[in-house]
Enquirer: 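I am attaching a structure below and will ask some questions about it afterwards.
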Amino acid sequence: MPTDTNSDTTDTILPKHYEPQIAEQAGSGWEASGYFSSQPQNDGRESFSILLPPPNVTGMLHMGHAFQHTLMDTLIRYQRMCGKNTLWQPGTDHAGIAMQIVATRELERRGIDVAALSREEFLTHAWEWKQQSGNTITQQMRRLGASCDWQRECFTMDDNLSAAVTQAFVKLYEDGYIYRGKRLVNWDPVLLTAVSDLEVVSEEESGVMYHVRYPFVDDEDNGIIIATTRPETILVDGAIAVHPDDERFLPLLGKRVWVPLCSPPRSIEIIADEYVDPQFGSGCVKITAAHDFNDYAVYQRHPDIPLIVLFTPDAKMNENAPETYRGMDRFAAREKIVADLTAQGLLIKQEPHRYKLPRGDRSKAVIEPMLTDQWFMRMDKMAERGLALADEGQVRFVPDNWRRVYQEWLSKIHDWCISRQLLWGHQIPAWQDPDGNWYIAETEEQAQQQAGDKPLTRETDVLDTWFSSALWPYSTLDWHTQPENPHFQSYFPTSVLITGFDILFFWVARMVMMTDYMVGGSPFHDVYITGLVRDREGQKMSKSRGNILDPLDLADGISLEELLAKRTHGLMKPEQAQQIEADTRQQFPDGIPAYGVDALRFTFASLASYGREIKFDLGRCEGYRHFCNKLWNAARFVLSVADGGYENAAADIETVANLPVQDEWIISRLQRAEQTVADSFAEYRFDLAALEIYQFFWDDYCSWYLEVAKVQLIYGDASVRANTTRTLLAVLEAGLRLCHPIMPFITEQLWQKVAPLVDKKTAATIMLAAYPQAEAAKINPAAEAAMARLKAIVEAARQLRQEYNQPGATLLVSGSDSEQLVPFLVKLAGCKNARSIAAAELPTNAPTVKIHELTLLMDCPQIDIAARNEQRQRELQQLQTELAAVEKMLANPQFMQKAREQAINSKQQQQQRLLQKIDELTSQTLS
RNA sequence: AGGCGCGUAGCUCAGUUGGUUAGAGCGCUACCUUGACAUGGUAGAGGUCACAGGUUCAAAUCCUGUCGUGCCUACCA
């Protein structure tokens, strides 16, 4: 940003404009000075702790992170300043599949054949990558001011955390929660691993429904017609099912049909099962038990159905297919099979069909239900505990409706497939002897002891990444090695978990269950579920949509060229680049200006209501950068005052007494702001806290108090001026502390200058200064009423001035305190010629406003009497309509009888106000 | 198919247990460079609170239904 105007050096205190880059340097020493460190001494302080949802070690900071981290940091900073003993526990997640993909890609880039590597060699490479590139995201977090206890940063595959995984696995196995079995699981044929049902996303796609005739064994000219979207699986069909009550097919039950295209020929039976929907398709379902979850369920009810696997792990036709199809990819095989069915006259018809196709979350490959040996965790009893903890209120969801989502899922939970056929991750602590017996132990030695002299080989599968994440609440606090350690004692259970609803099941529910099982009790008191950050059109931000925003680009700014490069580089579908470029050019013709971290954080805070989605609008960000500038300039003004900037400003003006009621007002207003902010944080209403801070600073402190203070500084005597200067400083200083948790950098920079001037430099940094607490004794209704009156009078004068802004116009003021008010009208309403006058001397037939026992009159050369009257008339009419409504209510006996006293009072007051206004307006008619 | 949410100013959103004149930011109009700030100031325009019923003295707020919209879960071969 150009800073020409900033080099204007009449001002040595602060540059004329706020510059985020400079302000952000104010926080550069925080971490090194140890301000972020937790101190788990038992010193009587209440604890407040937050677990950072560990971002993927492969990850880059995105808007969702930045948003949630802002909220966590705000709370931690707030509680720290409130005197709590705080810990924000950071760390990263090993991100099984994601990391394996990254490491594989990196090896391929270096021309290394991954398939040829041993497990150990691969892991060595992966760890190398982690050491070199795995701290990107935590560095980015530091840029945003995240005051985590970075000394305690951990990684889910650290030795210590891995020990917790092994311990939990063994205990769960010994307690009968973990078992191994051959089950139908979601298989990703590209990544060659099982995935849990949460990692499968089904979206509607276009397909074809094929109707195929299976000839009767005893009557080959006739047959039964089934409908299928996957004709390639015909080859391993085990039965045909119809509904037991479907009269069309009753006579056919028990009959056998030939499975098409099989060689040697194979026949299957027609059976009855409730699962079949007679209305759908042909009413007959082919049962392919090894490749479909529903069919598998049918198989479990009819164990005679043959269970034949058709595919290799990478979804090619295996040896169970007739020779002509063997080795073909499943989709190629489908085409050939359709052709062959057609040739044999067995394909009755095919029609377009929309259906949901399950795809792997990561690979986007069509998931194949596959019969494999896997490790599972029994979830029924765990889920009961998870539900009970929510019912008992040991874990509290904010907003509350997420409790129902959580309960809904837990009450329909399936067993969890926890094994993955990957290299990167926690290798399952299980060993097998040549007879196929399994030995589960924390170490190989212990397993060997169980096995006697039988040779053992270790299970190669690793655990689902979410298994270790589920232990995060206690593994990071070393409960499993040292239950009595001070960190665990001080910070567990944690105060609040802040995360998105997208991982409510993946992570939150599992943490609750696992922590409860291992440690006992819920790992956190509150779970605050945030919305998901979307773009300004409400679209999810994603690389492929080309609408991603990097939070650091919002803070530091980015040129259009760089932004285009970021958005179009490395796309899955390069043909989208052109559209993305066009959209980006249109939305950001000049790139993105640097809004600064503080403005970005304030934006996030102000967007954090209880909503489910957050449309991110750059306009908000810009507005809050302006707010930073406002704060900056307010401080600049106040510092100049403290530095003697307003000295002698009014040497020739007569002193006006009794001014400082306004000081009491702004102090009173500050207490209310402090209370509102505290209440808002208590409910996680960051938006309301931000709004209150914004309004307090801009509307009350800057727009009113600062302007009033100028009058006091000009017209007041020495003691008034001293008092005003002190109030300006004191309120600013407290306001900076009030604001610090949301905008840490600018407040630090300004506070360092402001605090010493009011003897408030009680700590080396604002982040360790005390958070301002509302004091009821300082709330001053009389001062608030006086200020409300002054505001109303000034606003009335502004309106008059706006309407009669012509040369020679003079504002005349009459009333008991008109003398004192004139300076305010000069300064605040911009009426340079204002003067006090006795009521008797007021000219007649001039635009007049009567307000609060005061008469304001604009004495000016030219008045459009008709226009003025017409406007008064309009206002009058409006007031009278309002009055009529109020009086109707007051005349309603039922209202008077049933309404709360407070409601009646306020209506009566409203009536009085309206009557008075009407009276004042009526007397202002000109002739 | 079930479940959850949303629909308030041109746009993005607040609106606490029903109760003064429904608010904020951005945008828009007019005027103003007044010694903190033009990243500013002043005044203003703009809302039948999606629609239809109902409960109530009183509904943006509570209930029912309709329409629109988003998401989650489960899925029909």
Side-chain angles (χ1 to χ4, degrees), chain A residues 10-11 13-14 16-18 197 202 209 226-230 233 241 275-277 279-288 292-295 353 355-356 401-402 404-405 408-409 412 501-502 504-505 532 536 538 603 606-607 609 611-641 645-646 649 679 683 685 687-688 691 694-695 699 702-703 706-707 710 795 798-799 801-803 805 826-827 829-830 832 878-879 882 886 889 892-900 902-907 909-911 913-914:
Chain A
T10 49
D11 194 335
I13 297 169
L14 286 176
K16 193 174 178 187
H17 293 137
Y18 156 69
D197 39 7
S202 296
M209 180 73 88
I226 59 89
T228 181
T229 54
R230 303 198 56 192
T233 62
Y275 150 70
V276 181
D277 176 2
Q279 309 302 317
F280 190 87
S282 64
C284 309
V285 185
K286 64 188 218 54
I287 302 299
T288 317
D292 183 285
F293 288 99
N294 290 307
D295 292 4
H353 181 61
Y355 68 130
K356 287 202 172 174
N401 55 301
W402 290 107
R404 297 188 52 182
V405 178
E408 171 83 6
W409 185 69
K412 287 200 258 173
F501 58 79
D502 50 334
L504 182 60
F505 307 142
L532 250 39
R536 65 172 188 179
T603 307
S606 72
L607 292 172
S609 63
R612 270 180 92 135
E613 55 187 53
I614 290 138
K615 290 186 202 162
F616 194 87
D617 183 9
L618 252 54
R620 295 287 289 260
C621 219
E622 188 178 354
Y624 295 127
R625 185 185 57 181
H626 294 176
F627 178 58
C628 290
N629 188 59
K630 191 75 179 172
L631 200 55
W632 182 266
N633 273 286
R636 187 163 159 263
F637 169 73
V638 173
L639 289 169
S640 80
V641 169
Y646 259 70
D679 292 346
E683 296 168 355
R685 288 303 303 267
D687 60 328
L688 298 182
L691 180 65
Y694 187 98
Q695 289 177 338
D699 299 343
C702 292
S703 295
L706 240 52
E707 298 307 316
K710 287 175 189 171
E795 277 164 357
R798 282 173 181 166
Q799 274 168 19
R801 180 172 171 270
Q802 187 76 16
E803 210 174 340
N805 182 25
V826 171
K827 192 74 189 158
K832 281 183 186 137
Q878 211 174 347
L879 289 172
E882 256 176 67
V886 171
M889 233 174 171
N892 182 344
Q894 282 178 308
F895 172 72
M896 299 304 286
Q897 209 170 22
K898 294 184 182 174
R900 285 199 306 246
Q902 200 191 341
I904 295 175
N905 282 343
S906 83
K907 280 289 162 199
Q909 281 168 23
Q910 190 188 353
Q911 181 193 28
R913 251 199 320 274
L914 286 169

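For the numbers below, each heavy atom of this structure counts, side chains included, while hydrogens, waters and symmetry mates do not. Throughout, a chain's letter reflects where its sequence line sits, starting with A, and its residues are numbered from 1.
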Enquirer: At 4.0 Å (heavy atoms only), tell me whether A:I226 reaches a base, stays on the sugar-phosphate, or touches nothing.
Expert: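 The residue A:I226 makes no contact with any strand.
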Enquirer: Indicate, with a heavy-atom threshold strictly under 4.0 Å, whether A:S906 touches base, sugar-phosphate, or nothing.
Expert: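 No contact.
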Enquirer: Checking all strands, does A:Q799 fall into the base, sugar-phosphate, or nothing category for heavy-atom contacts under 4.0 angstrom?
Expert: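 A:Q799: backbone/sugar contact only, no base atoms under 4.0 Å.
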Enquirer: Could you work out which one of B:U20, B:C13, B:A77 sits closest to the side chain of A:T228?
Expert: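 Nearest to the side chain of A:T228 among the choices is B:A77.
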Enquirer: Could you tell me which residues satisfy ring pair (Phe, Tyr, Trp, His ring centres under 6.0 Å) with A:Y694, sequence neighbours excluded, listed by chain and number?
Expert: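 In terms of ring pair (Phe, Tyr, Trp, His ring centres under 6.0 Å), with neighbours along the sequence ignored, A:Y694 is linked to A:Y624, A:F627, A:W698.
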Enquirer: Please work out if A:D277 contacts a base, only the sugar-phosphate, or nothing of the nucleic acid, heavy-atom cut-off 4.0 Å.
Expert: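 Base contact - A:D277 has a heavy atom under 4.0 Å of at least one base atom.
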Enquirer: How would you label the contact of A:M889 with the nucleic acid (heavy atoms, under 4.0 Å): base, sugar-phosphate, or nothing?
Expert: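 The answer is base, as A:M889 lies within the cut-off (heavy atoms under 4.0 Å) of a base atom.
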Enquirer: Taking only the side-chain heavy atoms of A:Y275 (C-beta and beyond), determine which of B:G15, B:C72, B:A77 contains the nearest atom.
Expert: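 The answer is B:A77.
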Enquirer: What nucleotide among B:U12, B:A43, B:A77 has an atom nearest to a side-chain atom of A:K615?
Expert: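 Of all the options, the side chain of A:K615 is nearest to B:U12.
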Enquirer: Classify A:C628 by what it touches in the nucleic acid, base, sugar-phosphate, or nothing, heavy-atom distance under 4.0 Å.
Expert: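 Here A:C628 touches no strand at all.
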Enquirer: Indicate, with a heavy-atom threshold strictly under 4.0 Å, whether A:R620 touches base, sugar-phosphate, or nothing.
Expert: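 The residue A:R620 makes base contact.
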Enquirer: Heavy atoms only: give me the nearest A:S609-A:D687 pair and the separation to one decimal.
Expert: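 In terms of heavy atoms, the two residues are closest at CB-OD2, 3.2 Å.
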Enquirer: Does B:A14 have OP1 or OP2 sitting under 4.0 Å from an N or O in the side chain of A:S609?
Expert: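 So the side chain of A:S609 is within the cut-off, an N or O lying under 4.0 Å from OP1 or OP2 of B:A14.
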Enquirer: Would A:H17 pass as stacked on B:C37, i.e. its ring centre under 5.5 Å from the base's six-membered ring centre and planes under 30° apart?
Expert: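 Whether judged by distance or by angle, A:H17 falls short somewhere, so it does not stack on the base of B:C37.
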Enquirer: Between which residue ranges does RNA chain B form stems of three or more consecutive Watson-Crick or G-U wobble pairs, both distances under 3.5 Å?
Expert: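 In RNA chain B, stems of three or more pairs: B:1-7 with B:67-73, B:10-13 with B:23-26, B:28-32 with B:40-44, B:50-54 with B:62-66.
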Enquirer: Any luck finding a side-chain donor-acceptor pair between A:N633 and A:R636 under 3.5 Å?
Expert: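 Yes.
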